[in-house]
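To keep things clear, I will list the structure first and then write my remarks on it.
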Amino acid sequence: MYAKYIKKEIADLNGTGRTQAYYKMALRPMSFEQFVSLCAREGHMEESSIVGVLSLVSEKLALSMAEGFSVKLDGIGTFNAKLGVRDDMLQDAFEEGESSRNAHSIRVTGVAYRADNDLIRATSRKCVLERGGVSRLRKSKLTPAERAQKARDFLEENTIMRVPDYVKLTGLSRTTASKELCRLALDPTSGITSKGSRSQKFYVLSKP
């Protein structure tokens, strides 16, 4: 079966005046049940046996990472836990007088995975690609200065602004709008600053 790829346009990151392009696979979902069925057919095994093995691997992988191990599964990859500060806690710092976090304020926020080279080579060897289309950027008809002014005008009336608000104001894609707002918040001359973090981040007018 062929896999489709998409040519995706991204913003100019190098100041060349030209947009850039990269290629991504058009992904289709495969459920756990479908994967188990595939393994059972190819391995001539009972599906219940496959489910049992996968459940055991999942359980012991989580336990091993929770105990601080970096787990290498040959032919699959290496797994280890990622840590972060709880969402309701301020980020820590190394400034003089800053108190250190205790264990209750730190939690596992994700799992880092590095694919085994054998898995990458096997995937590449089995993959047959065909063109799946082109994804173009949503471009704003406004200049950066006009977009910034629209943001300030919006904040004069609404007090706070989030990324979806800026998307509606400017016509930019969500990703481009988010990056542009971050740049505005870092520019002391823009009159805009940010509050909160991650999904709770919003923008306000900076105080004179």
Side-chain angles (χ1 to χ4, degrees), residues 1-87 91-92 94 101 103 105-138 163 173-179 182-183 197-199 201:
M1 182 179 292
Y2 292 104
K4 294 183 183 294
Y5 70 88
I6 296 172
K7 183 178 181 180
K8 189 174 179 67
E9 185 181 21
I10 58 175
D12 175 23
L13 303 177
N14 302 313
T16 63
R18 300 174 58 196
T19 56
Q20 308 295 308
Y22 75 96
Y23 298 89
K24 62 178 293 186
M25 192 172 286
L27 300 177
R28 294 171 291 156
M30 175 179 282
S31 69
F32 178 74
E33 290 78 11
Q34 289 173 312
F35 182 73
V36 168
S37 179
L38 176 64
C39 291
R41 288 198 309 271
E42 295 293 328
H44 305 289
M45 298 174 63
E46 293 291 332
E47 290 191 9
S48 59
S49 299
I50 301 289
V51 171
V53 170
L54 290 175
S55 297
L56 180 62
V57 169
S58 175
E59 178 185 345
K60 297 309 177 186
L61 182 59
L63 176 61
S64 300
M65 290 189 293
E67 293 178 344
F69 288 98
S70 175
V71 184
K72 185 179 187 301
L73 303 182
D74 289 346
I76 296 178
T78 304
F79 300 80
N80 60 270
K82 295 167 60 179
L83 299 180
V85 178
R86 274 180 19 213
D87 289 342
Q91 294 295 317
D92 211 344
F94 277 97
R101 299 286 181 204
S105 64
I106 300 171
R107 65 182 181 89
V108 174
T109 57
V111 172
Y113 166 68
R114 185 174 68 254
D116 190 294
N117 286 333
D118 287 343
L119 180 63
I120 297 172
R121 284 192 289 266
T123 303
S124 179
R125 191 168 58 248
K126 296 173 186 293
C127 185
V128 181
L129 290 167
E130 65 178 18
R131 189 179 179 89
V134 176
S135 175
R136 305 299 297 263
L137 282 175
R138 287 173 55 191
V163 173
S173 70
R174 185 182 178 91
T175 299
T176 305
S178 178
K179 290 180 179 178
C182 286
R183 287 196 297 270
S197 62
R198 298 178 184 172
S199 62
K201 194 170 189 177

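Everything numeric in this text was worked out from a predicted model, so none of it was measured.
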I'd like a table of donor-acceptor pairs (distance under 3.5 Å, sequence neighbours excluded) in which one partner is a side-chain atom from residues 64-72, with atom names and distances.
| residue | atom | partner | partner atom | Å |
| --- | --- | --- | --- | --- |
| S64 | OG | K60 | O | 2.8 |
| K72 | NZ | D74 | OD1 | 2.9 |
| K72 | NZ | D116 | OD2 | 3.4 |

* Structure fact -> Residue pairs meeting salt bridge (charged side-chain N to carboxylate O under 4.0 Å, His left out), one or both in residues 118-129, sequence neighbours left out, come to D118-R121

* Are K7 and Y23 side-chain neighbours, meaning at least one heavy-atom pair lies under 4.5 Å? -> yes

* To do: With sequence neighbours left out, write down each residue that passes salt bridge (Lys or Arg N to Asp or Glu O under 4.0 Å) with R131, or none if nothing qualifies.
  => none

May I have the list of side-chain donor-acceptor pairs in residues 27-35 shorter than 3.5 Å, sequence neighbours left out?
| residue | atom | partner | partner atom | Å |
| --- | --- | --- | --- | --- |
| S31 | OG | Q34 | N | 3.1 |
| S31 | OG | Q34 | OE1 | 3.3 |
| Q34 | OE1 | S31 | N | 2.8 |

* To do: Could you go through the side-chain contact (heavy atoms from CB on, under 4.5 Å) check for L83 and V108 one step at a time?
  => CA-CA 5 Å; L83 299 180; V108 174; 3.9 Å; yes

Excluding sequence neighbours, so at least two apart, what forms side-chain contact (heavy atoms from CB on, under 4.5 Å) with [X]?
X: R114; result: T78
X: A62; result: none
X: I76; result: L73, F79, Y113

For residues 39-58, please give each side-chain donor-acceptor pair under 3.5 Å, one per line with the distance, not counting sequence neighbours.
| residue | atom | partner | partner atom | Å |
| --- | --- | --- | --- | --- |
| R41 | NH1 | S37 | OG | 3.0 |
| S55 | OG | V51 | O | 2.9 |

* Of all heavy-atom pairs between V163 and A177, which one has the smallest distance, and what is that distance? -> CG1-CB, 4.3 Å

* Asked: Any donor and acceptor pair, going by atom type alone, linking the side chain of T123 with main-chain N or O of L119 inside 3.5 Å?
  -> yes

* Asked: Partners of E130 by side chain to side chain donor-acceptor pair (under 3.5 Å), sequence neighbours excluded?
  -> K4

